[in-house]
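See below for the structure under consideration.
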Amino acid sequence: ALVAAPLSPIEPPQPLILVCAHGVHDVCCALRGRPVALELASRWPELVWECSHIGGDRFAPNVVLLPDGFYYGNLDPASAIDTVEAHLAGTVLTDRLRGMARYLPPVQAAAIAAYQRYGPLGPSDVIVRATEHIGPHQGHGSETIVDLVIKPGQRMVRVRVLSVRRPDARLTCRAPRETPATEYRIIDFSLS
């Protein structure tokens, strides 16, 4: 008979702090991201990595916290320290929260609205229970219905998100012309 040694408990993964400093795709990321990376690395030298393009140049500098997959943007060195420190301590600050890597953009908008309304909350306190997409696929004017569970109190909420085209704007430092972007508007937020 085969006898296996008892399994040792798996420790949670150590967090990683990724800072976009990719100046080739958009110079904003390098110009604004490098000072943020340096400040964060002075506090958490073993956790901070400069990385290549992670999207959302118009929010530069961008930080991604792993393994949670939370994106924060429009940071400066001081706000980056406060934001990351809070997140690592278990609190999501919403003033610079861009989203979560595991969700599609309209679902991220719904989750952010829940963090804003019911916070302070921890990274795992908002759970997506169901989503329904109505309207054109990936198109403007589509609506997404997102059912969420807010862990403290087990609140069930339903969020309706409308995808709309924003006016053309210069979205990045290197943008040669104005281009459109999609905005995700909360049109209803209710207990379900």
Side-chain angles (χ1 to χ4, degrees), residues 16-40 48-66 68-84 86-87 92-117 119 126 128 131-146 148 159-189:
L16 287 177
I17 304 164
L18 304 178
V19 182
C20 183
H22 189 266
V24 174
H25 185 77
D26 186 27
V27 73
C28 290
C29 295
L31 293 175
R32 298 177 188 159
R34 298 272 349 267
V36 165
L38 289 170
E39 186 70 20
L40 291 171
V48 176
W49 291 80
E50 289 184 19
C51 66
S52 64
H53 182 62
I54 57 173
D57 301 331
R58 68 183 181 272
F59 303 108
N62 289 291
V63 170
V64 180
L65 291 169
L66 298 176
D68 297 331
F70 277 65
Y71 281 72
Y72 294 94
N74 295 318
L75 298 163
D76 56 46
S79 65
I81 290 286
D82 294 343
T83 300
V84 170
H87 190 97
V92 174
L93 299 181
T94 60
D95 60 332
R96 301 190 193 268
L97 179 60
R98 280 193 46 219
M100 306 90 202
R102 63 185 164 261
Y103 301 131
L104 293 172
V107 179
Q108 292 179 53
I112 290 169
Y115 277 103
Q116 289 169 335
R117 183 168 290 207
V126 175
V128 176
T131 63
E132 179 184 356
H133 187 78
I134 302 167
H137 257 317
Q138 307 295 327
H140 302 292
S142 62
E143 187 176 325
T144 303
I145 301 167
V146 184
L148 302 169
V159 185
R160 298 174 81 92
V161 182
L162 183 65
S163 301
V164 296
R165 182 180 175 140
R166 290 177 38 187
D168 290 358
R170 205 162 156 242
L171 300 178
T172 67
C173 291
R174 285 183 49 180
R177 65 187 179 295
E178 293 185 342
T179 54
T182 302
E183 178 180 336
Y184 301 96
R185 291 186 188 155
I186 306 301
I187 56 174
D188 186 52
F189 192 107

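By convention here, the first residue in the shown sequence is residue 1. Just so it is clear, the values below take in all heavy atoms, side chains as well, and ignore hydrogens, waters and symmetry mates.
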Rounded to the nearest 0.5 Å, what separates atom [atom1] in [X] from atom [atom2] in [Y]?
X	Y	atom1	atom2	answer
Asn62	Asn74	CG	CG	7.5 Å
Leu18	Ser52	CG	OG	9.5 Å
Tyr184	Leu162	OH	CG	11.0 Å
Ile186	Arg160	CD1	CZ	11.5 Å
His87	Tyr72	NE2	OH	5.0 Å
Ile81	Asp76	CD1	CG	10.5 Å

Mind checking side-chain contact (heavy atoms from CB on, under 4.5 Å) for Ala111 and listing every partner two or more places apart, or none if nothing turns up?
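Applying side-chain contact (heavy atoms from CB on, under 4.5 Å) to Ala111 gives Met100, Val126.
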By side-chain contact (heavy atoms from CB on, under 4.5 Å) - contacts of Arg117 (at least two apart):
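Arg117 satisfies side-chain contact (heavy atoms from CB on, under 4.5 Å) with Phe189 only.
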Non-hydrogen atoms of [X] and [Y] that approach each other most closely:
X	Y	value
Val36	Pro61	CG2-CG, 3.6 Å
Gln108	Arg98	OE1-O, 3.7 Å
Pro106	Val146	O-CG2, 4.5 Å
Thr83	Leu93	CA-CD1, 3.8 Å
Leu148	Ala114	CD1-CB, 3.8 Å
Ala109	Val161	CB-CG1, 4.2 Å

Is it the case that atom CZ in Arg96 sees more than 12 heavy atoms from other parts of the structure closer than 6.0 Å?
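More than 12 heavy atoms, drawn from other residues, nucleotides or ligands, come within 6.0 Å of this atom.
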Is a side-chain donor or acceptor of Ser79 paired with a backbone partner of Leu75 at a separation under 3.5 angstrom?
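Between the backbone of Leu75 and the side chain of Ser79 there is no qualifying donor-acceptor contact (under 3.5 Å).
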Quick one: does Glu143's side chain have a donor or acceptor within less than 3.5 Å of a partner on Ile134's backbone?
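Answer holds: no.
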Going through the checks in order, is the side-chain contact (heavy atoms from CB on, under 4.5 Å) test met by Thr144 and Glu132?
CA-CA 6 Å; Thr144 303; Glu132 179 184 356; over 6 Å; no
Check the pair Ile145, Val159 against side-chain contact (heavy atoms from CB on, under 4.5 Å), reporting the backbone distance first and the verdict last.
CA-CA 6 Å; Ile145 301 167; Val159 185; over 6 Å; no
